[in-house]
Every structure is written in C-alpha cells, then in structure tokens.
Amino acid sequence: MTVILVEIFYPDHEACSPSTDMTDPKFQARKLGELMCTVTELILWQPAASWVQERAHGSTLACRVGSGQATYHRFDPQRKQHQITYGLRMIQAKQQPDTATGWLSAREIHKRGYFEGELSTLNLLAHTCCHEFAHLLQHSAGHRYRGSVHNRYFYNILDELHESGGAGAVRQALAEHSQQLGMALSERSFELPDTRLQRAEWSVGDTVLFAHGLHEFQGEITRVNRKTCTVDGTGRFLGKRYRVPMQMLQRATQQGAATL
C-alpha cells in the first residue's frame with residue numbers, strides 16, 4: 001500500500017468561537033472524531049480508492065461521528081458507498097485506561113504487537129482508524145462473511161496496514177493535528193487496571209448499558225466473571241444474553257434506561 005502524507009488545513013469558518021467550551025469532553029471527542037474522519041479519508045482512502053473502485057465502480061467513502069459507542073464499517077450497495085462511523089463515546093472511552101482496555105482494538109495492539117504493543121490514547125485511536133478501514137478493504141476483496149468478520153483475511157489486511165507504514169502515517173497525522181487543535185492525544189502508555197477492583201464495582205442484579213454491534217443495549221448482570229459480566233437483556237432486549245467486558249459497561253440510570 002502506498003502511503004501519502006498530507007497536510008490538513010482548517011478553514012477559518014471551522015475555527016472555534018470564543019464562546020466554545022474547549023474543556024467540554026463531548027466537544028473534544030467530536031472534534032477528535034472529525035479529525036479521525038479526515039485522516040481516514042486522506043491517508044487511508046486516497047491511496048486505496050482506485051483499487052476499491054476497480055472492484056465496485058463508483059464506490060465512495062463517507063466518514064461520520066456517531067453519538068454513541070458503536071464504531072463500525074458498512075457498505076450501502078444501492079449508493080455504492082462505504083460508511084465508517086466513529087462513536088463519540090468510544091473516543092471518550094479510549095482516553096482512560098479503565099474504559100479503554102475492554103475494546104478489541106486494545107487487545108489487537110497488545111497481542112499482535114501493533115505500535116510495539118503499547119496502549120495509549122493516540123495508539124488506540126490511530127489503530128481504530130486502521131481497523132475500520134481494514135473492514136472496508138476486506139469487504140471490497142470479498143472476504144467478509146456472515147458469522148466470519150474478524151477472520152484471517154481481515155487480519156492479513158490489518159497486518160499489512162501496519163507493516164506498510166499506513167498505520168504509522170495515521171498515527172503521525174493524528175498526533176500533529178490534534179495538537180494543532182489544542183487537544184493533543186496522549187502518547188503515554190496506560191497502566192492496566194486491576195481486574196480485582198473492577199469486579200468489585202459490579203454485582204448480580206445491576207442494570208447496565210453497553211454497545212454491541214451497531215446498537216446500544218440494556219440488560220441486567222446475572223453473573224460476574226473474572227474479566228466480563230454475563231448480562232441478560234431487559235425490556236425490548238429480553239431473551240438475549242451477552243458476555244460483556246467490564247470496561248464496556250455503564251450503569252443505567254432510570255432516565256437512560258427509558259430512552260433505549
């Protein structure tokens with residue numbers, strides 16, 4: 001894969017107004033999500049676009065920032081449009097060690113040695129861009145199957161993105177331009193949370209919220225395991241059971257539960 005390094009410009013009309021609260025976590029997460037979209041489109045999509053379009057003529061890419069945790073790639077065959085969504089709450093979660101390590105991206109960095117196996121906010125968000133773009137390439141190659149998404153074809157692509165320098169270019173762009181935005185992404189390695197303390201936070205009967213696939217779910221903890229909780233769906237999710245990493249769980253307030 002050929003890597004193109006680009007300079008990203010921020011037009012005056014996108015600058016923050018004096019009344020903007022730069023310390024607001026949601027505002028910061030949204031701006032970082034928009035930066036992830038820009039970097040994905042310029043550094044990952046541009047070099048690969050012709051290859052993708054050879055397989056589906058007229059294909060385009062649209063990146064967006066979603067309001068929840070859900071982060072995913074999907075393809076709209078009618079519009080021939082690849083869509084990548086970066087969840088706002090995912091971006092927030094990957095800035096704290098106790099909520100970052102439950103994500104698949106954290107396990108991939110650690111187990112496969114991406115970015116020398118170091119978990120940090122910068123590495124996690126850069127790898128997230130590569131992970132979702134690898135799904136785009138996997139779909140274009142015809143190797144994404146029902147029930148077999150994170151398969152060997154996917155990881156061959158993801159490995160290549162890291163080995164070719166694509167992931168490093170994404171990381172560099174995110175580091176440089178997040179600093180220009182005044183919200184530099186931390187490169188400091190996380191100290192992994194104590195799982196014993198995490199287990200102490202949860203009890204059977206707790207009502208929780210969590211993201212699964214493209215949706216957010218509500219359920220009740222029926223078992224606290226070593227690193228996960230067994231959660232039975234409640235309300236309109238009744239009848240479903242999940243094993244959810246503790247870092248992905250959020251306590252459901254009565255107001256939050258009513259909105260699902």
Side-chain angles (χ1 to χ4, degrees), residues 1-3 36 39-41 43-45 47-57 59-64 66 68-78 80-87 90 93-94 100-119 123-171 210-217 225 227-228 230-231 240-245 247-248:
M1 177 180 177
T2 302
V3 177
M36 291 171 70
V39 168
T40 299
E41 291 166 355
I43 292 182
L44 295 176
W45 170 252
S50 60
W51 181 87
V52 173
Q53 290 164 352
E54 286 175 5
R55 285 147 185 80
H57 181 70
S59 295
T60 60
L61 170 64
C63 292
R64 61 181 289 270
Q69 291 188 108
T71 297
Y72 55 91
H73 159 269
R74 66 184 176 191
F75 181 69
D76 183 341
Q78 291 186 335
K80 294 185 178 179
Q81 184 181 74
H82 292 275
Q83 301 167 344
I84 291 178
T85 296
Y86 296 120
M90 174 277 296
K94 290 183 179 179
T101 53
W103 291 82
L104 176 58
S105 55
R107 298 195 295 275
E108 288 172 342
I109 290 173
H110 181 68
K111 292 181 179 180
R112 303 183 75 85
Y114 300 142
F115 300 130
E116 299 183 353
E118 292 188 356
L119 296 182
N123 288 351
L124 282 162
L125 294 183
H127 180 65
T128 299
C129 295
C130 296
H131 180 104
E132 298 308 328
F133 195 74
H135 279 309
L136 184 156
L137 297 178
Q138 174 195 28
H139 180 278
S140 298
H143 293 309
R144 181 166 181 163
Y145 313 112
R146 184 180 295 274
S148 179
V149 177
H150 295 105
N151 53 35
R152 65 185 179 90
Y153 300 104
F154 169 79
Y155 281 110
N156 286 342
I157 294 169
L158 193 54
D159 289 345
E160 176 62 20
L161 283 173
H162 278 268
E163 292 168 4
S164 69
V170 169
R171 184 185 187 277
F210 59 95
H212 180 77
L214 309 185
H215 306 286
E216 290 182 317
F217 291 80
N225 309 303
K227 294 184 178 181
T228 65
T230 302
V231 179
K240 295 186 179 293
R241 173 169 290 180
Y242 303 92
R243 291 191 67 180
V244 187
Q247 298 92 334
M248 302 289 289

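- Taking every heavy atom of both residues into account, Ala169 and Ile43 meet most closely at O-CD1, 3.6 Å.
- How far OG1 of Thr85 is from NE2 of His73: 10.0 Å, rounded to the nearest 0.5 Å.
- For the residue pair Ser105 and Lys94, the shortest heavy atom distance occurs at OG-NZ, 2.9 Å.
- Not a single salt bridge (charged side-chain N to carboxylate O under 4.0 Å, His left out) links Asp76 to another residue, sequence neighbours left out.
- Atom OH of Tyr242 sits about 5.5 Å away from atom CZ of Phe210, to the nearest 0.5 Å.
- Cys130 and Leu161 make their closest contact through O-CD1, 3.5 Å (heavy atoms, listed as atom of the first residue, atom of the second, distance).
- Of all heavy-atom pairs between Gln53 and Trp45, the closest is NE2-CZ2, 4.0 Å.
- Asn123 places no side-chain N or O within 3.5 Å of a backbone atom of Leu119 that could act as its donor or acceptor partner.
- Listed by chain and number, the residues in a ring pair (Phe, Tyr, Trp, His ring centres under 6.0 Å) with His150 are His131, His135, Phe154 (sequence neighbours excluded).
- In this structure, the separation between CG on Leu158 and CD on Glu132 is 10.0 Å, given to the nearest 0.5 Å.
- Here His143 contributes atom NE2 and Ile157 contributes atom CD1; the two are 7.0 Å apart, rounded to the nearest 0.5 Å.
- Considering all non-hydrogen atoms of both residues, Leu124 and Thr128 come closest at O-OG1, 2.7 Å.
- At least one donor-acceptor pair under 3.5 Å links the side chain of Gln138 to the backbone N or O of Val149.
- Scanning for side chain to side chain donor-acceptor pair (under 3.5 Å) contacts around Thr228 gives Asn225, Arg243, with sequence neighbours left out.
- Atom OG of Ser140 is separated from atom CD of Glu54 by 11.0 Å, given to the nearest 0.5 angstrom.
- The distance from the CG atom of Leu137 to the CG atom of Leu44 is 8.5 Å, given to the nearest 0.5 Å.
- Taking Phe75 as the reference, His82, His139 meet the ring pair (Phe, Tyr, Trp, His ring centres under 6.0 Å) condition, with sequence neighbours excluded.
- For Tyr114, the ring pair (Phe, Tyr, Trp, His ring centres under 6.0 Å) partners are His127, His162, not counting sequence neighbours.
- With contacts defined as side-chain heavy-atom distances shorter than 4.5 Å, the pair Asn151/Tyr145 qualifies.
- Judged by distance alone, with hydrogens and angles left aside, the side-chain atoms of Ser50 form no donor-acceptor pair with the main-chain N or O of Ala48 at under 3.5 Å.
- Applying the side chain to side chain contact (heavy atoms under 4.5 Å, CB included) criterion to Ala56, with sequence neighbours excluded, gives Ser59.
- No donor-acceptor pair closer than 3.5 Å links the side chain of Thr40 to the backbone N or O of Cys129.
- The salt bridge (charged side-chain N to carboxylate O under 4.0 Å, His left out) test applied to Arg55 returns no partner, not counting sequence neighbours.
- Annotation: salt bridge (charged side-chain N to carboxylate O under 4.0 Å, His left out) contacts involving residues 104-116, sequence neighbours excluded, comprise Arg112-Asp159.
- The two residues Ala100 and Ala106 have their closest heavy-atom pair at O-CB, 3.6 Å.
- Partners of Thr60 by side chain to side chain contact (heavy atoms under 4.5 Å, CB included), not counting sequence neighbours, listed by chain and number: Gln81.
- Residues satisfying the salt bridge (charged side-chain N to carboxylate O under 4.0 Å, His left out) test with Arg241, not counting sequence neighbours, are Asp232.
- Side-chain atoms of Gln83 do not come within 3.5 Å of backbone N or O of Ala62 as any donor-acceptor pair.
- Leu125 has its side chain out of reach of Tyr86: every pair of non-hydrogen atoms, C-beta onward, lies at least 4.5 Å apart.
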